[in-house]
Amino acid sequence: DSGRPIAGLAQLSTKSLNIKKTRVKNASPRIQAQILQLPNSKLLFLNSYLPTDNGDNNIDQLNEVLREIESITDDNEFDDILWGADMNWHRGRNTQHSITVDRFIKKLGLMSMWEKFSCDFTHIHTDNKSVSTIDHWMCNERLSNHIIECMPIHSGDNLSRHSPIMLNLRVNDIPKSTPTNTAPPRRPAWYKAGQREIDQFTQSLHNRILDIPRPDCLDCNNVHCPNVENHSNDRDNYVLDLLSNAIKVSHLTIPMTCL
């Protein structure tokens, strides 16, 4: 593509770079993705701009972007992931945004390169004093072994409050991925579910819950009850029955991830 990048995103490469690039289409203007055919690896290269961390105010928008990224990882074949992003995520913040991003990264099995390389900050705030680290390079552990350099670049002539972040990857050192015969487990793809599937899930789960006997221990309000252990076991079994039925119904009513 040429011209102004959509949503401020762009993935550029020199024409002399002899690497096959396949664009991965997606529904979000906050995400760009390509499959790069490296000598020994099919690399999923992601670029994204996540919503700002406004506590709980942007969670729905954040989850929408994260679901689209998860859809990309579910629906494409690749060996390694490299994800560069203005994530608006500063590790250690006690906000719903930060907690959500942190859980999502762990779910994908990724790590921030700031765990391996030193980074003082990537963003300076409007007071020109406060700084934070909200821009990241993320990758899987296998790929991290072949990244030899990663750092923010602080330049006096940079008019942005964000510092560029660079990464040096030795692509020729990446070994071939060892194929396995184990297919990834399929799971409910909630990001693919329409209102009809969600309504079916809700109604089916409601009907199943009505068939689960409600234990008497839920009505016990005796703080000195002599049957504490039995009540605890009954309560735990009841919770397990609820969760088990929720999982079963989701597999019957919600679209599944691709094989």
Problem - Close side-chain approach of Leu46 to Gln32, heavy-atom, < 4.5 Å - result: no
Practice task
Using distance alone, with no hydrogens and no angle criterion, decide if Ser163 and Asn158 have a side-chain donor and acceptor under 3.5 Å apart.
Solution key: no
Practice task
Measure the spacing between SG of Cys150 and CG of Leu167 and express it to the nearest 0.5 Å.
Solution key: 4.5 Å
Practice task
Could you tell me whether a side-chain N or O of Asn237 sits under 3.5 Å from a main-chain N or O of Asn233, the two making a donor and an acceptor?
Solution key: yes
Exercise for the section: Verify whether the ring centers belonging to His136 and Trp89 lie closer than 6.0 Å. Expected result: yes
Practice task
Any chance you could measure Cys139, atom SG, to Met111, atom CE, to the nearest 0.5 Å?
Solution key: 6.0 Å
Exercise for the section: Measure the shortest side-chain to side-chain distance between His231 and Cys225 over non-hydrogen atoms and say whether it is less than 4.5 angstrom. Expected result: yes
Handout entry: Closest approach of Phe78 to Thr73 (non-hydrogen atoms, all atoms of both residues)
Key = CE2-O, 3.5 Å
Handout entry: More than 12 heavy atoms from other groups under 6.0 Å of CG on Asn94
Key = no
Exercise for the section: Spell out, yes or no, whether Ile19 and Val171 are grouped together once hydrophobic residues are joined by side-chain heavy atoms under 4.5 Å, including indirect joins. Expected result: yes
Handout entry: Nearest non-hydrogen partners of Pro39 and Asn172, listed with the distance
Key = CG-OD1, 3.3 Å
Practice task
If a pair satisfies salt bridge (charged side-chain N to carboxylate O under 4.0 Å, His left out) and one of its residues is in residues 134-160, list it, with sequence neighbours excluded.
Solution key: Asp80-Arg142
Completion exercise
Interatomic distance, CG@Leu12 vs CG@Asn47, rounded to 0.5 Å, equals 9.5 Å
Exercise for the section: Determine whether Met151 and Val131 fall in the same hydrophobic cluster, where Ile, Leu, Val, Met, Phe, Trp and Tyr are linked whenever their side-chain heavy atoms lie under 4.5 Å apart. Expected result: no
Practice task
Verify whether one side chain among Asp241 and Ser244 offers a donor that lies under 3.5 Å from an acceptor in the other.
Solution key: no
Exercise for the section: Could you please spell out the steps behind the side chain to side chain donor-acceptor pair (under 3.5 Å) verdict for Thr52 and Asn58? Expected result: CA-CA 7 Å; Thr52 55; Asn58 285 343; 3.3 Å; yes
Handout entry: Atom CG of Asn18: over 12 foreign heavy atoms under 6.0 Å
Key = no
Practice task
Decide if the gap between the ring center of Trp114 and the ring center of Phe121 is smaller than 6.0 angstrom.
Solution key: no
Exercise for the section: Give the C-alpha distance, both sets of side-chain angles, the deciding distance and a yes or no for side-chain contact (heavy atoms from CB on, under 4.5 Å) between Arg196 and Gln200. Expected result: CA-CA 6 Å; Arg196 182 175 64 86; Gln200 287 177 344; 3.3 Å; yes
Problem - N/O donor-acceptor pair under 3.5 Å between Trp83 side chain and Phe45 backbone - result: no
Practice task
Please report the C-alpha distance between Lys20 and Thr22 in whole Å, then the side-chain angles of each, then the deciding distance to 0.1 Å, and finally whether the side-chain contact (heavy atoms from CB on, under 4.5 Å) criterion is met.
Solution key: CA-CA 7 Å; Lys20 180 182 178 182; Thr22 304; 4.0 Å; yes
Practice task
Would you confirm whether Ser71, through its side chain, and Arg67, through its main-chain N or O, come within 3.5 Å as a donor-acceptor pair?
Solution key: no
Handout entry: Heavy-atom closest contact (Ser250 atom, Ile247 atom, distance)
Key = OG-O, 2.7 Å
Exercise for the section: Scan for side-chain hydrogen bond (donor to acceptor under 3.5 Å, both in side chains) pairs involving residues 217-227, sequence neighbours excluded, and state none if there are none. Expected result: Arg214-Asp219
Practice task
May I ask you to check whether Gln203 and Asn207 show a side-chain donor-acceptor distance below 3.5 Å?
Solution key: yes
Problem - Student check: side-chain heavy atoms of Ile69 and Val65 closer than 4.5 Å - result: yes
Practice task
Start with the C-alpha distance between Arg91 and Glu115, add both sets of side-chain angles, then the distance that settles side-chain contact (heavy atoms from CB on, under 4.5 Å), and finish with yes or no.
Solution key: CA-CA 11 Å; Arg91 174 169 279 154; Glu115 298 177 33; 3.3 Å; yes
Practice task
Kindly indicate, with the supporting measurements, whether the criterion side-chain contact (heavy atoms from CB on, under 4.5 Å) is fulfilled by Leu82 and Met138.
Solution key: CA-CA 6 Å; Leu82 182 61; Met138 315 291 301; over 6 Å; no
Exercise for the section: With the side chain counted from C-beta on, respond yes when Val24 and Gln34 share a heavy-atom pair under 4.5 Å apart, and no when they do not. Expected result: no
Exercise for the section: Would you give the length of the straight line joining atom CG of Asp75 to atom CG of Asn26, rounded to the nearest 0.5 angstrom? Expected result: 11.0 Å
Problem - Ile165-Met87 co-clustered via ILVMFWY side chain contacts under 4.5 Å - result: no
Practice task
Would you mind checking if Lys192 and Glu197 are paired as a salt bridge, meaning a charged N to carboxylate O distance below 4.0 Å?
Solution key: no
Practice task
Report the distance from atom SG of Cys119 to atom CE of Met113, rounding to the nearest 0.5 Å.
Solution key: 12.0 Å
Exercise for the section: Please check if the side chain of His123 supplies one atom and the backbone of Asp86 the other of a donor-acceptor pair under 3.5 Å. Expected result: no
Practice task
Would you check if the side chain of Lys116 reaches a backbone N or O of Ile147 as a donor-acceptor pair within less than 3.5 Å?
Solution key: yes
Handout entry: Distance (rounded to the nearest 0.5 Å) between Trp137 CH2 and Thr122 OG1
Key = 13.0 Å
Exercise for the section: Measure from the side-chain N and O atoms of Thr95 to the backbone N and O of Ser98, and report whether any donor-acceptor pair falls under 3.5 Å. Expected result: yes
Practice task
Apply salt bridge (charged side-chain N to carboxylate O under 4.0 Å, His left out) to the pair Asp74 and Arg187, showing each step before the final yes or no.
Solution key: CA-CA 10 Å; Asp74 284 340; Arg187 59 182 186 274; 3.3 Å; yes
Problem - Contact summary for Ile35 and Glu77, nearest pair of heavy atoms - result: CD1-O, 4.1 Å
Exercise for the section: Using distance alone, with no hydrogens and no angle criterion, decide if Ser132 and His90 have a side-chain donor and acceptor under 3.5 Å apart. Expected result: no
Fill in the blank from the handout: For Leu9 and Ser48, the nearest pair of non-hydrogen atoms, with its separation, is CD2-C, 4.0 Å
Handout entry: Minimum side-chain heavy-atom gap Lys21-Gln37 below 4.5 Å
Key = no
Handout entry: Leu44 side chain near Asn76 side chain, heavy-atom distance below 4.5 Å
Key = no
Handout entry: Heavy-atom pair of closest approach, residues Ile212 and Leu242
Key = CD1-CD2, 3.9 Å
Handout entry: Steps toward side chain to side chain donor-acceptor pair (under 3.5 Å) verdict (Ser130, Asp127)
Key = CA-CA 7 Å; Ser130 306; Asp127 61 5; 2.7 Å; yes
Exercise for the section: Kindly work out whether a path of hydrophobic side-chain contacts (I/L/V/M/F/W/Y, heavy atoms less than 4.5 Å apart) joins Leu43 to Ile72. Expected result: no
Problem - Connected via hydrophobic side-chain network under 4.5 Å: Leu66 and Leu110 - result: yes
Exercise for the section: Would you check if Leu143 and Ile81 make a side-chain contact, meaning some heavy-atom pair closer than 4.5 Å? Expected result: no
Problem - Validation row: Asn54, His97 side chains within 4.5 angstrom (heavy atoms) - result: no
Problem - Exam field: side chain Thr202 to backbone Ile198, donor-acceptor pair closer than 3.5 Å - result: yes
Practice task
Before giving the answer on salt bridge (charged side-chain N to carboxylate O under 4.0 Å, His left out), spell out for Glu68 and Arg30 the whole-Å C-alpha distance, their side-chain angles and the decisive distance to 0.1 Å.
Solution key: CA-CA 10 Å; Glu68 188 66 25; Arg30 290 180 173 269; over 6 Å; no
